[in-house]
2 protein chains.
Amino acid sequence: MIEKNKQISRIVDSFLHKGIKLTHQRKVIAQVITDASDHPDANEVFIRANKIDNRISLATVYRTIKLFEENNVLNRIELGGKRARYEELTDAHHDHLIDIDTGDIIEFVDNDIEELQKKVAKKLGYSLVDHKLELFGKKIKTD
Amino acid sequence: MIEKNKQISRIVDSFLHKGIKLTHQRKVIAQVITDASDHPDANEVFIRANKIDNRISLATVYRTIKLFEENNVLNRIELGGKRARYEELTDAHHDHLIDIDTGDIIEFVDNDIEELQKKVAKKLGYSLVDHKLELFGKKIKTD
DNA sequence: TTTCCTGCAAAGGGTTTGCACGTGT
DNA sequence: ACACGTGCAAACCCTTTGCAGGAAA
């Protein structure tokens, strides 16, 4: 139990500090997102939150997701016109490798790429504010 | 005139070779996309195509864009839940730097980044099929 | 002529919103 | 008590689709 409380602290804390109301729904949704390791979409968050407490509507999930995004605790991953997927935002930046056969999303970090990006932006006369890198790959068979 | 015909040859050719009907609408839409240098969205393509010939509907623009995508002559750029934008696909691969103040899209190529991506994918057990890199930056003032 | 394409308008899928009620502080 | 959050259903926006008429081959 103490473990659980600790897990949601990042999201919860950022709200306590900003005077935003910590409702039952928001706690459950924060919990669901923190517990997820598979980048769920809004509907999936809704389903999981509902299993915990059925007083939660899809509309509230969308409103809460937007709230989380605005408070920089949640990151949206857009995948070509389909439902957007989400992940909790941590301090450690990372990018995504998407398995084109299974849809699995693998996270990775590569500092060399990050550095090159800054360099490229600067060369074009810009300071890099953010970036989005998605690799699409096929699993190499090792049999 | 000869120049114009030459410009749309890439898109037109891939149709002649595949036995797909080359309708008036498709020619105009191909022309509009080839002439565009600003990554227009579907509605913008519709507006421009209509100026050239008002017998073109939005539905046809969408159908034609999809057709172009399937034939790998058009590339879709997704920008966070808003309308998708498009660009003619050339052999030379490039990525995008988006000006977060103006929405301008600047194209760039960086072979070092491309190479690193392949290396990263391989390290994770994948062969790189495709990738999407978008940098978001603010223009550095030089005054 | 035959097959495929088009325009129109209606449907679709994901996301947002107006409203009256409910809840956290 | 008061301000803000919620559920519901309707609205919204972009995109797709069914159908009957129209054009390319």
Side-chain angles (χ1 to χ4, degrees), chain A residues 8 11-33 39-47 49-71 74-86 103, chain B residues 8 11-33 39-47 49-71 74-86 103:
Chain A
I8 63 168
I11 291 180
V12 171
D13 277 3
S14 73
F15 287 163
L16 290 175
H17 295 334
K18 299 190 186 197
I20 295 172
K21 277 188 187 167
L22 204 47
T23 66
H24 177 74
Q25 286 88 335
R26 287 175 181 174
K27 281 183 205 163
V28 172
I29 292 169
Q31 183 71 257
V32 165
I33 289 170
H39 309 81
D41 59 42
N43 195 55
E44 186 59 35
V45 171
F46 167 63
I47 290 168
N50 243 266
K51 261 181 206 149
I52 297 171
D53 188 318
N54 67 354
R55 290 176 299 171
I56 296 177
S57 69
L58 222 204
T60 294
V61 169
Y62 273 108
R63 280 190 276 235
T64 304
I65 281 174
K66 182 180 258 184
L67 183 72
F68 286 178
E69 276 192 273
E70 289 165 355
N71 285 276
L74 187 66
N75 185 228
R76 177 197 302 240
I77 307 171
E78 295 274 350
L79 290 175
K82 305 186 200 319
R83 281 195 276 237
R85 293 170 62 173
Y86 301 88
Chain B
I8 64 169
I11 290 180
V12 170
D13 277 3
S14 74
F15 287 160
L16 290 175
H17 296 333
K18 299 191 184 195
I20 296 171
K21 277 189 189 168
L22 203 47
T23 65
H24 178 76
Q25 287 87 335
R26 286 175 180 173
K27 281 183 206 164
V28 173
I29 292 169
Q31 182 70 258
V32 165
I33 289 170
H39 309 81
D41 59 42
N43 195 55
E44 185 59 35
V45 171
F46 167 63
I47 291 169
N50 242 266
K51 261 181 205 148
I52 298 170
D53 187 320
N54 66 353
R55 291 175 299 172
I56 297 176
S57 69
L58 222 203
T60 294
V61 168
Y62 273 108
R63 279 190 276 235
T64 304
I65 281 174
K66 182 180 256 185
L67 183 73
F68 286 177
E69 276 192 274
E70 288 164 357
N71 284 277
L74 188 65
N75 185 229
R76 178 196 301 239
I77 308 170
E78 294 274 351
L79 290 174
K82 306 188 200 317
R83 281 195 276 237
R85 293 169 63 174
Y86 302 88

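Proteins get letters first, then strands, A, B, ... in listed order; numbering begins at 1 in each.
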Engineer: Picking from C/dC8, D/dC8, C/dT15, which would you name as closest to the side chain of A/Ala59?
Structural biologist: D/dC8
Engineer: Tell me: CZ of B/Arg63 to C1' of D/dA23, nearest whole Å?
Structural biologist: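 Result: 14 Å.
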Engineer: Can you list the residues that meet the side-chain hydrogen bond (donor to acceptor under 3.5 Å, both in side chains) rule with B/Asn71, with sequence neighbours excluded?
Structural biologist: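 Only B/Lys18 meet the side-chain hydrogen bond (donor to acceptor under 3.5 Å, both in side chains) criterion with B/Asn71.
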Engineer: Sequence neighbours excluded, which residues qualify as side-chain hydrogen bond (donor to acceptor under 3.5 Å, both in side chains) partners of B/Thr23?
Structural biologist: none
Engineer: Report the distance from atom NZ of A/Lys27 to atom C1' of D/dT6, rounded to the nearest whole Å.
Structural biologist: 16 Å
Engineer: How many Å lie between OH on B/Tyr62 and C1' on C/dT6, as a whole number?
Structural biologist: 17 Å
Engineer: List in chain and number order the residues that pass side-chain hydrogen bond (donor to acceptor under 3.5 Å, both in side chains) with B/Thr60, two or more places apart in sequence or in another chain; answer none if no residue qualifies.
Structural biologist: B/Ser57
Engineer: Would you mind reading off the distance between A/Asn50 atom CG and D/dC8 atom C1', rounded to a whole angstrom?
Structural biologist: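 It works out to 14 Å between those atoms.
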Engineer: Separation of A/Leu58 atom CG from D/dA9 atom C1', in whole Å?
Structural biologist: 13 Å
Engineer: Hey, what are the protein-to-nucleotides 3-5 of chain D N/O distances that come in under 3.5 Å?
Structural biologist:
| unit_1 | atom_1 | unit_2 | atom_2 | d |
| --- | --- | --- | --- | --- |
| D/dA3 | N3 | A/Lys21 | NZ | 3.1 |
| D/dC4 | O4' | A/Lys21 | NZ | 3.2 |
| D/dG5 | OP1 | A/Arg26 | NH1 | 3.2 |
| D/dG5 | OP1 | A/Arg26 | NH2 | 3.3 |

Engineer: To the nearest 0.5 Å, tell me how far B/Ile56 CD1 sits from B/Asn50 CG.
Structural biologist: 6.5 Å
Engineer: What integer distance in Å separates A/Arg85:CZ from C/dT15:C1'?
Structural biologist: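 Nearest whole value for this atom pair: 18 Å.
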Engineer: Could you check how far CD of B/Glu44 sits from P of D/dT15, rounded to whole Å?
Structural biologist: 13 Å
Engineer: Of all residues at least two apart in sequence or in a different chain, which pass the side chain to side chain contact (heavy atoms under 4.5 Å, CB included) check with A/Tyr62?
Structural biologist: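 Checked A/Tyr62 against side chain to side chain contact (heavy atoms under 4.5 Å, CB included); matches are A/Ala42, A/Leu58.
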Engineer: Within this structure, what is the CZ-to-C1' distance between A/Phe46 and C/dG14, rounded to whole angstrom?
Structural biologist: 14 Å
Engineer: Among residues at least two apart in sequence or on other chains, which ones pass side-chain hydrogen bond (donor to acceptor under 3.5 Å, both in side chains) with B/Asn43?
Structural biologist: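 Result, side-chain hydrogen bond (donor to acceptor under 3.5 Å, both in side chains) vs B/Asn43: none returned.
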Engineer: Report the residue (A/Ser57 or B/Asn43) whose heavy-atom-nearest nucleotide on DNA chain D is the more 5′ of the two.
Structural biologist: A/Ser57
